Amino acid sequence: MNRFCKYHPGTEALWFCSHDGLFLCQQCVDGQADNYNEARCLVCNQSVEMAGEGAVVPVWQQLDRFVQYPLHLSLLPVLLIWAVIAAAIPPLPVMLVLTVIGGLPAFGFAQAVMASRAQGRRHHQRTRIPAWKDLSSGHGWKGALLQAAPVLLFLVAAVALMIWVSSLAGLVLGAVAMLLVPALWLSIQVRGAQPGAWAAALTYMVSAPRDYLVVAALAVLGWLLSASVVMVVMDVLPAPLTQAVGGALAAYWWLVLAAACAVLLEQHGRLWGLNPGGTRVTQPLAERRQRVLLCAGRFDKVLLSSAKIVKTKKAGLADWKQYDRLLAIQGKDKERAQQVEPYLDVLVAAGDWPTALQVITEQRQRDSNWLPAGAAIRLTLAQGLYELAPKMVVNLLKDLHQREPDFSGLGEAYLLLARTLGEKFGLSGKAEQYLRFVEHKCQSAKLRMQVNELRQAWAE
């Protein structure tokens, strides 16, 4: 049964907060992708743990998945190819190379599954089974062959020992060799497709000893079971069929071991330096915490942090909009009215005239006589609202000489007011009064020229 995040309905919950007893999605946690152990709930700031499919399952509990992996429909041909080629070619030393060619698909698929898990994956993603088209590009074949080389060398030596010395000696040599094979495969994936990478094999054996021991034991078990089965069937089946059984078992356990090594790479890859720059949350932590708190309905908590932000010089338009919206949600009209003037300053600086008009309109609904106190901001607002709200322009500029008789921009303000009355409302007579005021009170030749231009335009 899928669990979903409480604060983001419909989003799968990947984390569990034991403090609140809540299942949370990725947006609700800190999201430190390079260290999931430090992830915290953005609501209560307590540590969280993975839940559902995102939880880290111990390797020994995934053994059933490993042994079922080669039985996937797309991988069954890999077993068949090696079995058919092994059955068709006589078991002579000179034909060994051709027999090994049958294992190339197994080598390629093993390398592909390990490489995909080494790159990391999101915790809500399922493991993808490599497809045949993944092998067509040729990428990764060098690593696949370097992983296959030591295993084939060990197995050939073990089989030769079984034939010419004793079965027990060959089984022991093969078992000891298989203890090392996972480390050799991991070294190629971590250090790169170079023979020198094998030198680091010991590192992966001791850095994750418990999980490595499980995988190594699985490799030994595969060798012993395969060898035992072949030794039994060779007495009851013809040689070609015996060789076919051996080829199929080799492909089967090859893919089983690859699936197990892939899980080691996924769970311990960061310890070994793989994918250190994994998926990171690029949005700042403070913004993500506010967003989750808003989804949780914790408006009071967000309001406190927003109030602190708007008091700083770094506050932007988005911060002010959120603060004003939170005040409205909380019904704090008094506090909202106190912030109108500084909020308008921010809106004017940003050129957000629709929002400025909305703020002024809402404030005038609370106080019908209210207008911004400063003459300069009135003029700037009027210039920005000329096309959007001409009636508001008239309210902002009329009687400005009585409020601010010494305002240096008075002539420009009344010229704009006259233009608004004449062009937007057709009140040329009323507009003429303000034009005469500009002529008599203002000494600027530029303003007088503009007055004449307006009169000529209206006369035409």
Side-chain angles (χ1 to χ4, degrees), residues 1-3 12-14 16 36 49-83 103 105-132 134 147 151 174-175 178-186 189 204-205 208-230 232-233 245-269 271:
M1 178 179 179
N2 292 332
R3 297 186 177 95
E12 183 181 357
L14 304 177
F16 177 71
Y36 289 114
E49 57 190 22
M50 289 182 177
E53 292 185 2
V56 177
V57 181
V59 174
W60 65 270
Q61 292 184 4
Q62 302 185 57
L63 294 178
D64 58 333
R65 290 176 50 197
F66 303 152
V67 297
Q68 294 174 17
Y69 178 76
L71 302 179
H72 191 275
L73 188 61
S74 64
L75 296 178
L76 287 178
V78 177
L79 281 62
L80 183 62
I81 290 173
W82 208 344
F107 307 158
F109 274 100
Q111 199 279 339
V113 67
M114 283 187 279
S116 64
R117 299 290 281 272
Q119 293 172 0
R121 63 184 176 99
R122 294 183 183 273
H123 291 278
H124 63 277
Q125 293 177 336
R126 296 178 180 270
T127 304
R128 188 180 75 88
I129 303 294
W132 286 88
D134 296 333
Q147 288 171 342
V151 185
M178 295 309 292
L179 288 173
L180 303 175
V181 168
L184 297 175
W185 284 11
L186 294 174
Q189 287 296 333
Y204 312 112
M205 300 175 66
R210 183 179 61 182
D211 289 344
Y212 183 85
L213 183 61
V214 173
V215 175
L218 185 64
V220 173
L221 178 63
W223 157 251
L224 294 177
L225 287 179
S226 299
S228 300
V229 170
V230 171
V232 170
V233 300
V245 170
L249 288 174
Y252 174 81
W253 284 104
W254 199 285
L255 295 176
V256 168
L257 186 57
C261 290
V263 172
L264 282 182
L265 288 167
E266 183 180 31
Q267 295 190 4
H268 303 285
L271 176 64

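Because only heavy atoms are used, hydrogens play no part in the values below, and waters and symmetry mates are left out as well, while side chains stay in. A quick note: this is a predicted structure, and the numbers were derived from the prediction, not measured.
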Quick one: pull up [atom1] in [X] and [atom2] in [Y] and give me the separation to the nearest 0.5 Å.
X      : Y      : atom1 : atom2 : answer
Tyr204 : Asp211 : OH    : CG    : 16.0 Å
Met205 : Leu180 : CE    : CG    : 5.5 Å
Gln189 : Leu264 : CD    : CG    : 12.0 Å
Leu75  : Gln68  : CG    : CD    : 13.0 Å
Leu79  : Trp254 : CG    : CH2   : 13.0 Å
Tyr69  : Gln62  : OH    : CD    : 13.5 Å

* Asked: Given the side-chain rings of Trp82 and Phe107, with only the six-membered ring counted for Trp, is the space between their centroids under 6.0 Å?
  ->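 Between Phe107 and Trp82, which both carry aromatic rings, the centre distance is below 6.0 Å.
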
* Asked: Partners of Ser74 by side-chain contact (heavy atoms from CB on, under 4.5 Å), sequence neighbours excluded?
  ->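 With neighbours one apart ignored, the set is His72, Ile129.
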
Distance-minimising heavy-atom pair for [X] and [Y]:
X      : Y      : result
Cys261 : Met114 : CB-SD, 3.6 Å
Trp223 : Met178 : CB-CG, 3.7 Å
Leu76  : Pro70  : CD2-O, 3.8 Å

* Step-by-step side chain to side chain contact (heavy atoms under 4.5 Å, CB included) determination, Tyr252 to Val78 -> CA-CA 8 Å; Tyr252 174 81; Val78 177; over 6 Å; no

Would you tabulate the side-chain donor-acceptor contacts of residues 212-221 under 3.5 Å, counting partners in other chains and residues two or more places apart, or write 'none'?
unit_1, atom_1, unit_2, atom_2, d
Tyr212, OH, Leu179, O, 2.6
Tyr212, OH, Ala183, N, 3.1

* Could you walk me through whether His268 and Leu186 pass the side chain to side chain contact (heavy atoms under 4.5 Å, CB included) check? -> CA-CA 11 Å; His268 303 285; Leu186 294 174; over 6 Å; no

